[in-house]
Amino acid sequence: MRDWYQKGYFSKDVATSQETGSNLIKAGKAFSYIRNINECYSESLAAGTELVCVPLEDSYMTRNSVASNMMSLARNSEQPDKAIQVLELFYSDEAVINLFTNGIEGKHYVKRDNDLIGKPEGVTATGYDSNQYAVGNNFLSYIWEGNDPDMWKQLRGENESAVKSRAMGFSFDINPVKTQITSVANVQNQYDAGFQTGTFDPSELGAYLDKLKNAGVEKILTEKQNQLNQWLENK
């Protein structure tokens with residue numbers, strides 16, 4: 001990353017910029033970017049030009065692959081029974097999930113002859129363009145034109161063949177080391193973006209590691225390992 005940064009492959013402010021890769025491409029200031037993605041259509045829409053997605057590694061699945069996209073029931077819900085019924089619809093009712101993710105047929109999308117959907121004539125933006133992966137059962141959502149009609153079938157195959165972490169299902173209780181986690185996060189905020197983008201010289205890595213140790217990273221690792229060992233024994 002440092003080599004690429006020095007060669008000018010990244011903008012000088014890449015470590016601090018809040019601009020998205022798609023916006024940079026639309027503005028003619030970038031030619032590619034890296035992100036987690038299942039398909040290219042939504043990225044192409046955002047960039048205003050056709051993009052090609054190139055996988056850089058085999059599919060894998062960790063706890064965060066699941067937990068970071070979960071929908072849940074609020075502990076203080078006034079009508080939990082009704083709330084859970086709504087969540088059930090998002091995972092089981094094709095009409096409900098498509099209304100929520102794609103909008104109203106004829107107004108926000110129209111069905112094509114090839115089982116895909118597209119925008120009605122004269123419509124350039126619907127407000128639903130980025131909803132498809134946000135909620136519910138993706139496999140019940142209609143597929144937008146520009147994507148492979150077998151996109152969901154392929155994604156299901158990716159899910160089934162992905163290398164799965166042996167810690168899938170494990171949840172770390174951070175309470176014993178909350179103070180250390182806060183301190184470590186503060187150190188990470190100082191260094192992570194710099195190293196990930198090549199802005200920082202690798203010679204600074206030693207100082208980073210020392211600060212992580214002083215912040216209590218080893219105590220966090222020990223606590224997490226102990227909890228993981230116990231979870232594996234009881235699994």
Side-chain angles (χ1 to χ4, degrees), residues 1-2 5 13-18 20-21 33-38 55-88 90-91 130-131 133-138 155 158-235:
M1 301 304 282
R2 180 63 174 171
Y5 180 79
D13 65 344
V14 63
T16 57
S17 174
Q18 299 299 309
T20 64
Y33 56 96
I34 298 174
R35 64 158 297 173
N36 297 326
I37 191 67
N38 294 320
L56 299 179
E57 57 189 349
D58 294 332
S59 298
Y60 63 90
M61 190 179 296
T62 68
R63 174 185 175 276
N64 286 345
S65 305
V66 179
S68 61
N69 293 291
M70 289 174 59
M71 298 178 69
S72 59
L73 179 63
R75 180 182 297 178
N76 59 350
S77 173
E78 295 181 2
Q79 299 186 56
D81 292 345
K82 293 295 183 182
I84 206 70
Q85 287 176 29
V86 172
L87 287 184
E88 175 70 18
F90 282 134
Y91 287 91
S130 61
N131 274 6
Y133 297 101
V135 296
N137 184 353
N138 294 164
L155 180 58
E158 289 278 346
N159 288 345
E160 293 174 352
S161 64
V163 175
K164 296 178 177 60
S165 166
R166 291 185 295 163
M168 284 286 285
F170 169 69
S171 183
F172 179 38
D173 178 8
I174 68 171
N175 285 303
V177 286
K178 284 179 67 174
T179 301
Q180 289 79 9
I181 286 177
T182 299
S183 298
V184 165
N186 289 334
V187 176
Q188 289 178 312
N189 289 337
Q190 296 175 41
Y191 286 92
D192 277 9
F195 283 123
Q196 290 168 5
T197 60
T199 307
F200 289 172
D201 191 286
S203 64
E204 299 180 59
L205 185 59
Y208 178 31
L209 296 177
D210 288 340
K211 289 185 178 181
L212 286 175
K213 290 180 180 179
N214 293 334
V217 69
E218 292 179 339
K219 185 173 182 179
I220 297 172
L221 293 174
T222 299
E223 176 64 30
K224 192 168 189 177
Q225 186 66 60
N226 289 338
Q227 290 187 28
L228 178 61
N229 292 343
Q230 185 175 0
W231 177 81
L232 288 170
E233 290 176 3
N234 298 324
K235 185 179 177 182

Completion exercise
Heavy-atom closest pair (Asn175 atom, Lys178 atom, distance to 0.1 Å) is OD1-CD, 3.3 Å
Handout entry: Heavy atoms from other residues, nucleotides or ligands near NZ of Lys235 exceed 12 (cutoff 6.0 Å)
Key = yes
Practice task
Return the orientation label for the Tyr208 and Tyr191 ring planes: parallel under 30°, perpendicular over 60°, tilted otherwise.
Solution key: parallel
Problem - Partners meeting salt bridge (Lys or Arg N to Asp or Glu O under 4.0 Å) with Asp13 (sequence neighbours left out) - result: none
Handout entry: Residue list, ring pair (Phe, Tyr, Trp, His ring centres under 6.0 Å) with Phe170, at least two apart or on another chain
Key = Trp231
Practice task
Start with the C-alpha distance between Gln225 and Asn229, add both sets of side-chain angles, then the distance that settles side-chain hydrogen bond (donor to acceptor under 3.5 Å, both in side chains), and finish with yes or no.
Solution key: CA-CA 6 Å; Gln225 186 66 60; Asn229 292 343; 2.9 Å; yes
Handout entry: CD/Gln230: more than 12 non-hydrogen atoms of other groups inside 6.0 Å
Key = no
Exercise for the section: With the side chain counted from C-beta on, respond yes when Glu218 and Lys213 share a heavy-atom pair under 4.5 Å apart, and no when they do not. Expected result: yes
Practice task
Establish, from distance only, whether the side-chain atoms of Asp201 and Ser203 form a donor-acceptor pair under 3.5 Å.
Solution key: yes
Exercise for the section: Apply side-chain contact (heavy atoms from CB on, under 4.5 Å) to the pair Leu56 and Ile34, showing each step before the final yes or no. Expected result: CA-CA 9 Å; Leu56 299 179; Ile34 298 174; 4.3 Å; yes
Exercise for the section: Check the side chains of Gln85 and Asp81 for a donor-acceptor pair under 3.5 angstrom, ignoring hydrogens and angles. Expected result: no
Problem - Lys211 side-chain N/O to Gln188 backbone N/O, donor-acceptor pair under 3.5 Å - result: no
Problem - For Tyr91, ring pair (Phe, Tyr, Trp, His ring centres under 6.0 Å) partners two or more places apart - result: none
